[in-house]
Amino acid sequence: MWCTYKVLVFTLVAASHLPPVYVLEFCPSAEPDCHSREDAASASQSSTHSVKSRWSVKSSNVTHNLDHFKVSCKKLIDAFPVDEVDGNFVRTVKNCIFSKSTPTALTGPLRLAVVSKDVIEGILDLDINVSQSEDFLLYASGSRLLPGSVPLAHRYGGHQFGYWAGQLGDGRAHLLGQYLNRRGELWELQLKGSGKTPYSRSGDGRAVIRSSVREFLCSEAMYFLGIPTSRAASLIVSDEPVLRDQFYNGNVKKERGAVVLRLAKSWFRIGSLEILSESGELDLLRNLLNFIIKEHFSFIRLDDPEKYLVFYSTVVNETAHLIAQWMSVGFAHGVCNTDNFSLLSITIDYGPFGFMESYDPNFVPNTSDDEGRYRIGAQAEVGLFNLEKLLVALSPVLTQEQKKQAKLVLKDYRKVYQMRIHQIFKAKLGLVGEEEDDNVIIAFMLKMMEDTHSDFTMTFRELSEVSANQLHNRNFTQMWALEDLSSHKLFSDWLNMYMLRLSRQQSDSDLDRQHRMKRINPRYILRNWMAESATRKAEKNDFSEVELLLNILSSPFVTQATAEKMGFAARPPRWARSLKVSCSS
Ligand SMILES: *[C@@H]1O[C@H](CO)[C@@H](O)[C@H](O)[C@H]1NC(C)=O
Ligand SMILES: *[C@@H]1O[C@H](CO)[C@@H](O)[C@H](O)[C@H]1NC(C)=O
Ligand SMILES: *[C@@H]1O[C@H](CO)[C@@H](O)[C@H](O)[C@H]1NC(C)=O
Ligand SMILES: *[C@@H]1O[C@H](CO)[C@@H](O)[C@H](O)[C@H]1NC(C)=O
Ligand SMILES: *[C@@H]1O[C@H](CO)[C@@H](O)[C@H](O)[C@H]1NC(C)=O
Ligand SMILES: *[C@@H]1O[C@H](CO)[C@@H](O)[C@H](O)[C@H]1NC(C)=O
């Protein structure tokens, strides 16, 4: 009987592309307060407490006003031909990477809804009080241009839902310029929701409060979970009416416009290269590739004849790693088109994303995605599809031999992904070293979670908080997710296997295991109902809950009194079950 189960489990693993790679970095290495949060996590070990300060960014060199704040577009404009046609009318653009495009100011009174102190101080070198100024409101909403800014809309193409979609491009985003911060990092500032561009197609260039709150909160939440992502500095809302058919069912509703100031080291996507390749603009393709390699893959030498192959291999590996990290927190992106996939393998373009609650490989965050093309369990395969398209785009600049090599690299993608998943889930279970049956322990557990609809986040979290003694006695008092899991008829079999495995980890105390696991298994994620509740208030100009969520999700591994009171680690409320993800944005 046991053997049968084992075979079954392995089949499942293969089918749902589970298990993984590498040394995990749960704390982004550039993050100064990583260790203090670790300590806080350990300190909170058994008792609930609030976090006093989530900020330990050294504020000594921050600037207290915007007078000297400058961005630059020189590097980008010098490197590439720019479409000089003036005007934000929709058109087909050729032979350039960017079009000049001026943001359209939002009308009506503007309000600063929320800022990320971590971004404002830690990346933009600004005192947080600067964000309260009128100047900031104007700059961050697109009403006034920052000194040095030559706003640009990026021309790209992409495969959407499996098919080549031709020219897409920034339809409602403006790149303001690059900012070189005091740490020597170059960040690209972009406004989203800032009006029409040459790439707006049928869109109005605006974003609504609903989708902007979600993007703002999720990019920051992902960062604090340790997952590579674009960042969000601020969210500004207006009274400008924007019409949206939220569920594509003919019910057009008047909503309000909002602008997010977002940042990434680079916004180039797979689709950035695809469009050049598709239209035979090969000099420009080489030009863009060389630029990206020089700026972001500096370990590759530009005079290396294999540079494009090494670039490709790196993107393949890093994409596998990124998707594995998404899976480790139950994140479903929702629109994994090639134009939504970053060449730096960071998470970008937060739209109809969702965090999985009950474990279900078929979880689909976009309710209009009837076929489940971008269901959570398919993300790794969609990544492979996108990387195939990247290879097609690169083909004109690769030799026959390099193309052959690149195909071999792509063939290893699944292996790289599986290795990474395997490592991540081992860490999530607190397993050290490598034993033959580790795969079984992982897959067996996931299968039980699927059968019992256990909450993905809280099952792992409670397993991190429970003592070996409680486990042994199956005492799951106040552990609702473990209680659900333990209702499985094979739970005892799994538990025995797991406890035996743990007991073989010599020199690993139960407390060590708990600490380790609590640093990788978050207690708080941005559940859809949480975002929805904050959004409803935001639409009535009450931003307190957005702020609260930002605060709590900035320390997702630390138990916090307020979050507990709000039920963020409790069984989701009844009303959450009937909630649909708002699709149009
Ligand atoms: C602040 O700036 C000064 C001079 O620019 C520099 O020497 C110092 O290292 C900086 N300190 C921090 C904490 O960044
Ligand atoms: C921010 O605070 C500094 C002192 O820390 C002050 O000099 C500055 O005027 C303040 N700026 C604004 C916009 O309030
Ligand atoms: C990609 O990952 C594989 C497997 O870990 C490794 O052998 C290879 O060197 C990596 N390639 C690059 C370019 O990092
Ligand atoms: C993702 O790409 C699609 C086009 O494929 C685009 O319409 C959409 O705006 C992008 N998603 C987000 C959230 O930006
Ligand atoms: C959701 O899926 C549907 C069906 O595939 C698609 O048409 C729509 O664009 C998706 N929504 C978003 C925001 O990408
Ligand atoms: C179960 O665990 C809780 C929390 O550690 C403890 O307070 C309680 O006494 C335990 N109950 C039993 C029956 O062991």
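Atoms within a ligand are numbered from 1 in the order they appear, just like the ligands themselves.
Taking every non-hydrogen atom of Pro352 and a distance limit under 4.0 Å, the qualifying atoms of ligand 5 come out as 12 (C), 13 (C). Those atoms of ligand 3 with a heavy atom of Thr314 less than 4.0 angstrom away are 13 (C). Below 4.0 Å from some heavy atom of Val335 lie the following atoms of ligand 5, by number and element: 14 (O). Taking every non-hydrogen atom of Ser368 and a distance limit under 4.0 Å, the qualifying atoms of ligand 5 come out as 1 (C), 2 (O), 3 (C), 4 (C).
In this structure, the side chain of Arg206 engages the main chain of Gly193 through a donor-acceptor pair within 3.5 Å. Of the possible polar contacts, none joining the Tyr374 side chain to the Val382 backbone as a donor-acceptor pair under 3.5 Å is found.
Every salt bridge (charged side-chain N to carboxylate O under 4.0 Å, His left out) that Lys404 has, sequence neighbours left out, goes to Glu401. Looking at residues two or more places apart in sequence or on another chain, you find a salt bridge (charged side-chain N to carboxylate O under 4.0 Å, His left out) between Arg286 and Asp283.
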Show me, pair by pair, the donor-acceptor contacts under 3.5 angstrom made by side chains of residues 297-305, not counting sequence neighbours?
unit_1	atom_1	unit_2	atom_2	d
Arg301	NE	Asp303	OD1	3.1
Arg301	NH2	Asp303	OD1	3.0
Arg301	NH2	Asp303	OD2	3.0
Asp304	OD1	Glu306	N	2.7

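Any N or O atom pair closer than 3.5 Å counts here, and Asn366 shares at least one such pair with ligand 5. Below 3.5 Å of separation, one finds an N or O of Asn317 facing an N or O of ligand 3.
Residues Arg527 and Glu357 are paired through a salt bridge, judged by an N-O separation under 4.0 Å between the basic side chain and the carboxylate.
By the 30° and 60° cut-offs, the orientation of the rings of Tyr156 relative to His154 is tilted.
In this structure, OH on Tyr312 lies 12.5 Å from CG on Leu289, to the nearest 0.5 angstrom.
Within 4.0 Å of ligand 6, heavy atoms belong to protein residues Gln470, Asn475, Thr477.
Nearest heavy-atom pair across Cys218 and Phe331 is SG-CE1, 3.9 Å.
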